[in-house]
Amino acid sequence: MRTSLALAASAALVAGAALGLAPAAQAGTNTADGIRFVDIPGDGGTVLKANVITPSGAGPHPLIVLPTSWAMPQIEYLAQAKQLADSGYVVVSYNSRGFWQSGGEIETAGPKDIADASEVIDWALANTPADPAHIGMAGVSYGAGISLLAAAHDSRIKAVAALSGWADLIDSIYSGRTQHLQATGLLGGLGYITGRPGPELQQILGDFLSSNLDKEDEMIAWGRERSATTYLNRINANGAAIMLGNAWGDTIFPPNQYASFYEKLTGPKRLEFRPGDHATAEATGLFGLPNDTWTSAHRWFDRYLKGADNGIDREQPVQLKSRSTGAYEGYPDWKSVNADRRKFGLGGTQRVRANVDSGANGGITLLTNALDQFLRTPPVVSVPLLPRAFAGVWQSERYDTPQRVRGTVTVHTTVTSTEESGTLVAYLYDVGPLGVGKLVSNAPYTFHDRTPGEPFGVDLELFSTAYDVPAGHRLALVVDTVDPLYIEHNPTGAQLTFSSPSADPSYVSVPLRKE
């Protein structure tokens, strides 16, 4: 009930905002601000609704193409497009196929979407004073995913700013072999409200949300085709300058998959993580307000499309904004973020009963981590009051000095299940003197085809973060089996036992910032 209400409320809010922004201008018309609404023939002649802003002067001008986010109308980027045009860029923004007034069916960044991006570039080169040697793409969420994939397939693209997107679709919504229920339900619902899902997408959504394991390999193959990681060699060969930006608490495309992809890029690259949830880090910029993410994106394009010597290529390429202080920190690479680690043990044996929410959970997608971004109020629990029948709890010693958690916390443990399938969710809390725990990070883990009663090892990466644990506090790992964010696979009456064999001790490994 709680999950259904959350999804309905989120869908209503986002859809309502999008409906309020729907453009009334007809194709081929010009507005007082110099915005031209046009129809662009995409792959197979499918009409893509678009808008164009051209700077003053004869040109040629560098070109930036902006595919819209999932379920958003074609005017999503108008404020940013106007700013980019004012600084000398031809900007073409288009509604991704299958959404709103654009033709076709939703392809979910499939081959037709990638072909559309190249068709839009072709159209811009033929119909605007765009410079064929200086072409960039950018986008938020769905637009980010399409931009990265297009950079793998079209070598004309020289720079990309991919904001709140995905590089690995499977590791985003199926991490830990667990369906991210709220994220997928929200995206699917908005797809039906604002667009036209094709038969393939409808089948994938149905199989995914119904936990059809017989179709798991097909679903993974479908996701891999739509993941930039699959085409990493092409992206590196084409050499586009790639900027990635995301939020620590993104509940649709968590940050880990972006960090892993970033490390494998060989061309010019930049990685920025900030507090927030999906697309909240750059949201204010869509209204034309000052925004750090969009400022970086503009600087990135100025450097790699205009050749401006603005120093962004000489800065530390990994930029992290702390959830606790709001201060920025620079690192030479992602590996350096995780370089200094401290462990605490998960000793003893604890048994938990499945199918009951202990009270520990990751919150509500789009809402919880946005509150953390603006108010620094992560989800909280009373750790001493967590029901031990339904939650395993381990705590570190009390720290004498602040512990600045940076990067990816990992958990290693041994699990024994009474059933062949099951789901566990791990939470890391910052616990104060009164036992109140503030959520630092979490992640789910699902297993299938295990022999009941036979122990097996589990290695789990929690979602990456930047959080300061104050002196006098301790860290606590809590593990239970139910979270509204995820689909769980625990049969009725199942029990999970967590142990720490002497030959293979269980532990939490916490990455800390070097002082």
Side-chain angles (χ1 to χ4, degrees), residues 62-67 84 89 109 113-114 117-118 120-121 124-125 130-141 143-169 171-172 224-246 253 255-273 282 293-320 330-338 464:
L63 167 68
I64 295 178
V65 174
L66 303 168
L84 287 165
Y89 294 93
D113 286 307
I114 309 313
S118 291
V120 171
I121 291 173
L125 294 177
D131 185 347
H134 298 93
I135 298 172
M137 286 192 69
V140 175
S141 186
I146 290 175
S147 295
L148 283 177
L149 287 161
H153 291 82
D154 193 327
S155 60
R156 296 176 297 180
I157 299 168
K158 304 302 181 185
V160 171
L163 313 178
S164 291
W166 77 92
D168 188 328
L169 191 57
D171 198 33
S172 294
R224 294 288 179 235
E225 185 181 22
R226 290 158 171 79
S227 297
T229 53
T230 303
Y231 312 100
L232 179 68
N233 290 340
R234 291 190 194 178
I235 293 175
N236 285 334
N238 289 343
I242 306 292
M243 173 187 155
L244 305 172
N246 205 355
F253 303 128
N256 301 41
Q257 46 93 30
Y258 249 15
S260 176
F261 178 70
Y262 170 84
E263 284 290 86
K264 298 170 186 173
L265 292 170
T266 58
K269 58 184 180 178
R270 185 176 176 90
L271 178 67
E272 300 185 352
F273 286 144
E282 51 274 342
T293 305
W294 282 105
T295 295
S296 289
H298 286 230
R299 294 179 66 217
W300 191 251
F301 287 131
D302 286 348
R303 174 65 186 88
Y304 290 103
L305 295 183
K306 288 184 177 179
D309 185 13
N310 57 16
I312 195 168
D313 54 327
R314 295 188 294 274
E315 297 171 358
Q316 297 274 42
V318 176
Q319 292 288 319
L320 311 182
Y331 298 83
D333 50 38
W334 181 251
K335 187 182 299 183
S336 300
V337 178
N338 292 275
S464 302

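Since this is a predicted model, take the numbers as computed values, not measurements.
Side-chain contact between S141 and F253 is present, with at least one heavy-atom pair separated by less than 4.5 Å. A heavy-atom distance below 4.5 Å is found between the side chains of Y89 and D302. With a 4.5 Å cut-off on side-chain heavy atoms, S464 and Y258 do not count as touching. The shortest side-chain heavy-atom distance between P62 and F301 does not fall under the 4.5 Å cut-off. Using a 4.5 Å heavy-atom cutoff, the side chains of L271 and Y331 are not in contact.
Here the closest heavy-atom approach between residue M137 and residue I157 is recorded as SD-CD1, 3.5 Å. Heavy-atom minimum distance, N236 versus T266: OD1-N, 2.9 Å. Nearest heavy-atom pair, Y231 versus A152, reported as atom, atom and distance to 0.1 Å: CB-CB, 3.6 Å. Scanning all heavy atoms of the two residues, the minimum distance from I146 to I114 falls at O-CD1, 4.3 Å.
To the nearest 0.5 Å, the span separating CG on D171 from OG1 on T229 amounts to 8.5 Å.
In this structure, W334 and F273 have perpendicular ring planes: the angle between them is above 60°, well past the 30° mark.
Looking at D333 and K335, no side-chain N of the basic residue comes within less than 4.0 Å of a carboxylate O on the acidic one, giving no salt bridge. Between D309 and R314, at least one side-chain N (NZ, or NE/NH1/NH2) sits under 4.0 Å from a carboxylate O, which counts as a salt bridge.
Applying the side-chain contact (heavy atoms from CB on, under 4.5 Å) test between N310 and each of R303, E315, H298 identifies R303 as the sole match.
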